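The structure presented is a predicted model; accordingly, all values stated were derived computationally and were not measured.
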Amino acid sequence: MFFRKSHLIFPLCLLLILFMSCGTSKKATHADTELPFGTMFLSNNGNAKKKSKKKAVPPQRKQLTSAERHMFNVLFHEALLCSENNEIDAHRVLLERALEIDSTASEVLCRLARVKYAYAKREDSLLRKETLHHIERAAHYAPEDLDILEDYAIMLHHEGYAEKALRCYERMASLNPTTSVLLSLAQSYTEQQHYAEALNVYNYMERQSGRNKAIIRGKLMVYTHTNDSVRLISFVDSLIADNPNVYEYQLLKGNFYEQLFNRPDTARAIYQDVLRQSPHNSEAQYALLDHYAQQEDDENFFRQLQVFVKNKHVEEKVRAEVLKMYTSHCVQKQEASLPKLRAFLDTLEHPENATGEILVVHTALLWQMNAAPDSLMNLINRTLRFQPENTSIRLHGVSLCFNNDQDDEVIRLCDEGQFYDPQEIRFYYFSAAYKLQQGRVDETLEMLERGESYFMESEDKELASEIYGMMGDLYHERADLERAFAAYDNALTCNPDNASALNNYAYFLSLDERDLQKAMTMAHRACELTPDEATYLDTYAWVLYQLGQYTQAKIYIDQALAAVPEGKESDTYYKHAGDIYWKLGDRKSARKFWKRAEEIQKQQKYQE
C-alpha cells in the first residue's frame with residue numbers, strides 16, 4: 001500500500017478543525033472565579049492558591065535637565081519620522097543617541113531592541129544578546145507596559161528562554177487578561193508541559209466567552225499530550241453534542257480511535273456513519289481512504305479512491321494530489337495494480353470527469369509507463385487545453401515530438417508556450433532550431449528579438465548563451481556586424497566557455513580584420529575546450545595567420561586537417577592551408593592545398 005502507517009493524519013485532521021466554522025457552545029454555568037494565573041500558582045486539582053499581592057513599584061527613571069529632555073524629545077521624534085519613512089539605519093542611530101541621554105527610557109530601549117532583533121542573524125550571538133538586554137531593561141523600567149512585555153516574551157521564547165517567557169505571559173495576564181494574552185499564556189504552559197495550568201486557563205476563557213476554535217485546539221492538544229483518553233473522548237463528545245451538524249468533530253473522534261487508541265474498526269464505523277448522513281462529505285471520504293490504506297486493504301482502498309477522485313465536492317487540486325501519491329507509488333513499485341489504475345484514469349477522460357489537474361496526473365502516469373507516443377501526445381494536448389500555462393506538461397510534449405521527428409508540432413508547442421510562459425527560454429531555443437532547419441530565418445530572428453529581454457535574466461545561463469550565439473550567427477548572415485558582435489558578447493557573458501560562440505566570434509573578427517588579439521584569445525580558448533574540433537583549430541590557425549604568426553598557424557592548420565572526419569572535408573580548411581604554406585615559402589604544398597580546395601568545391605556543387 002502506498003501510505004505507510006503513520007501518525008500524520010491526526011495533526012492534519014486537527015488542522016482542519018481549527019479552520020472550520022464551528023458553532024459556539026453555551027457558556028458554562030459555573031460561577032466566575034478570580035483569574036487563576038499571574039499572581040497565583042495552581043495546584044494539580046486546579047484550585048488557585050493566592051500569593052500575597054504587593055503593588056509593583058516601577059524603578060525610577062533618570063532625571064533629565066530641561067536641556068537634556070528637549071534634546072531627547074527631538075532625537076526620539078526624528079527617530080519616529082525615520083521609521084515612518086523606512087529609513088532604518090537613521091532610525092537606529094537616532095535611537096542610540098537618545099539612549100545616551102536617557103539610558104532608562106523604556107520606549108527607546110524597546111524600539112532599539114525591535115530594530116536590532118529584526119536584523120540580527122541567527123549566528124550573530126553578540127547582537128542577539130545585546131538586543132535581549134535592551135528589551136529586558138525596557139521591561140524593567142516599564143513593568144506594566146503590555147506592548148513591551150509582549151515583545152520581551154516573544155524574544156525570550158525565540159531565544160530559548162521558555163520559562164522566562166512563561167513568567168512574562170503570566171504577568172501580562174495579571175495586568176490585562178485579553179484573549180490574545182490568555183492564549184499565549186495557555187500555549188506557553190502547554191509547551192512547558194504545565195498541562196493543569198494550561199487547562200485552567202482554557203476553562204477560564206470558556207467560562208468567560210464560550211468555546212471557540214482556539215480553545216478547542218488548545219484543549220485537544222493538552223488531552224493528547226497527557227494521553228488522557230477518557231477526558232479527550234468526553235470533550236469531543238461534548239463538541240459533537242453541541243454541534244450535531246458539524247461532521248468534522250465526528251471525524252476527529254474517529255481519527256483518535258484510529259491513531260491513538262488503535263481501534264480501527266470503531267474508527268471505520270464512525271467514518272461510514274458520517275457518510276450515511278452526508279454521502280458527499282469529502283473529509284469523511286478521505287478519512288475512510290486513509291483508513292483502508294493503513295489497514296492495507298487494497299481492494300477497498302482502490303474502490304474508495306475512485307469515489308474520492310470523482311467527488312466534485314473535493315477541490316480539484318486535493319483530488320489530484322491524492323491520485324498523484326498513489327500513482328507515484330504504483331510506478332515506483334511496478335505494482336500489478338498499474339493496469340487497473342490506468343483503466344480508472346481512462347474513465348476520467350470523459351468530459352464530465354476530465355479536469356486539468358487530473359489530466360496532469362494521467363499524463364505523468366502514461367509518460368512513466370512509456371505509453372504509445374500517439375496516445376500520450378493526445379493526452380498532453382487535452383491537458384494543455386485545460387492548462388495551457390502548464391509549462392512542465394508542454395515541455396514533455398516538446399520532448400515527445402522531438403524524439404519522434406515531429407518538427408511542426410515542436411514549433412507549435414513552443415510558440416504557444418512563449419505566449420503563456422514567456423520567461424521559459426527553452427521555448428525560444430527549440431522553436432528557433434526547428435524554424436532554421438526549415439529556412440525560416442527572418443521569422444526566427446524576429447522571434448528571438450521578442451524574447452531577448454528574458455534571456456539574460458534566465459537562470460539557465462548555458463542555454464541563454466546558446467541562444468545569443470544563434471542570434472550572433474543570424475545577424476552575421478545579414479551582414480549586421482555590430483549587432484552580431486553584441487550578441488556574441490552577450491553569449492559569452494552568460495557562459496564564457498561557450499566554445500561555439502568563442503569560435504564564431506573569433507572567426508568573424510578575423511574576417512573583418514578587427515580586434516585580432518581578442519580573436520586570438522577566444523579562438524585559443526575554444527581549442528582548449530574542444531581540442532579535436534577541426535573547425536576550431538582552423539579558426540585559431542587563421543587568426544594566427546592574420547597576426548603574421550605563420551609558423552604557429554601552420555601547426556594548427558595541420559592539426560585541423562588531421563582532425564577532419566572522413567567525408568566532412570571543407571574547402572575553407574584547404575584554402576587556409578594553402579595561404580599559410582605560401583607565406584612560409586612552401587609553394588608546392590600551397591598549390592596542392594588550393595587544388596584540393598577547388599576539387600571539394602566542385603564536388604559540393606555537383607552534389608547540390
| task | Report the distance from atom OH of Tyr540 to atom CD1 of Ile555, rounding to the nearest 0.5 Å. | result | 9.5 Å
| Got Gln406 and Leu413 here, is their nearest side-chain heavy-atom distance under 4.5 Å? | no
| query | Should Arg514 and Asp512 count as an ion pair when the cut-off is N to O under 4.0 Å? | reply | yes
| Looking at Glu446 and Lys435, does any basic side-chain N land under 4.0 Å from a carboxylate oxygen? | no
| field | Mutual orientation of the aromatic rings belonging to Phe593 and Tyr574 [parallel < 30°, tilted 30-60°, perpendicular > 60°] | value | tilted
| Looking at OG1 of Thr391 and CD of Gln387, how far apart are the two atoms once the value is rounded to the nearest 0.5 Å? | 10.5 Å
| Gln423, CD: over 12 other non-hydrogen atoms inside 6.0 angstrom | no
| query | Would you say Ser510's side chain and Tyr507's backbone share a donor-acceptor pair under 3.5 angstrom? | reply | yes
| message | Looking only at the aromatic ring of each residue, does the gap between the centers of Tyr545 and Tyr550 stay below 6.0 angstrom? | response | yes
| field | Side-chain donor or acceptor of Asp538 paired with backbone N/O of Ala534 under 3.5 Å | value | no
| request: Show the numbers, then the answer: is there a side chain to side chain contact (heavy atoms under 4.5 Å, CB included) between Arg394 and Asp421? | output: CA-CA 10 Å; Arg394 187 175 295 278; Asp421 187 3; over 6 Å; no
| field | Contacts of type salt bridge (Lys or Arg N to Asp or Glu O under 4.0 Å), residue Glu78, not counting sequence neighbours | value | none
| request: With sequence neighbours excluded, tell me which residues meet side-chain hydrogen bond (donor to acceptor under 3.5 Å, both in side chains) with Asn300. | output: Asp297, Arg303
| said: Heavy-atom count check: over 12 atoms from other residues, nucleotides or ligands less than 6.0 Å from Lys595 NZ? | reply: no
| Considering residues, nucleotides and ligands other than Arg426, do more than 12 of their heavy atoms fall under 6.0 Å from its CZ? | no
| task | Flag this pair as yes if the NZ/CZ of Arg128 is under 6.0 angstrom from the six-membered ring centre of Tyr117 and inside a 45 degree cone about the axis; otherwise no. | result | yes
| said: Please report the interatomic distance CG(Leu544) to NE2(His576), rounded to the nearest 0.5 Å. | reply: 12.5 Å
| query | Salt bridge check: are Lys602 and Glu599 linked by an N-O gap of less than 4.0 Å? | reply | no
| task | Mind listing the closest non-hydrogen atom pair of Asp571 and Ile600 along with its distance? | result | N-CG2, 3.7 Å
| Gap between atom CG of Asn381 and atom CZ of Arg412 - 0.5 Å precision | 5.0 Å
| remark: Paired with Asn504, the side-chain hydrogen bond (donor to acceptor under 3.5 Å, both in side chains) test is passed by just one of Thr539, Asp473, Thr535, namely Asp473
| query | Between Tyr428 and Arg450, is any pair of side-chain heavy atoms under 4.5 Å apart? | reply | no
| remark: Of all heavy-atom pairs linking Gln285 and His280, the shortest is NE2-CA, 4.1 Å
| With a 4.5 Å limit on heavy-atom distance, are the side chains of Cys401 and Met377 in contact? | yes
| Would you say the side chain of Leu384 lies within less than 4.5 Å of the side chain of Tyr420, judging by non-hydrogen atoms? | no
| If we only count heavy atoms from C-beta on, is the Ser465 to Phe455 side-chain gap below 4.5 Å? | no
| query | Hey, does Leu509 have a side-chain heavy atom less than 4.5 Å from the side chain of Phe485? | reply | yes
| request: State plainly whether the residues Lys554 and Asp558 are in salt-bridge range, i.e. N to O under 4.0 Å. | output: yes
| task | Can you establish whether the number of heavy atoms outside His157 located under 6.0 Å from its atom NE2 is more than 12? | result | no
| query | After noting the C-alpha distance and the side-chain angles of Glu533 and Asn503, does the key distance pass the side chain to side chain contact (heavy atoms under 4.5 Å, CB included) rule? | reply | CA-CA 11 Å; Glu533 175 55 54; Asn503 175 78; over 6 Å; no
| Atom CG in Leu537, atom SG in Cys527: separation rounded to 0.5 Å? | 4.5 Å
| Are Ser431 and Asp415 linked by a side-chain donor-acceptor pair shorter than 3.5 Å? | yes
| Just by distance, with hydrogens left out, do Asp489 and Tyr468 show a side-chain donor and acceptor under 3.5 Å apart? | no
| task | Count the heavy atoms of every other residue, nucleotide or ligand shown that sit under 6.0 Å from NZ of Lys592, and state whether that count exceeds 12. | result | no
| Between Glu569 and Arg596, does at least one N-O distance fall below 4.0 Å, as a salt bridge requires? | yes
| said: If the threshold is 4.0 Å, N to carboxylate O, is there a salt bridge linking Arg525 and Glu528? | reply: yes
| query | How many angstroms lie between atom CG of Asn498 and atom OH of Tyr488, to the nearest 0.5 angstrom? | reply | 10.0 Å
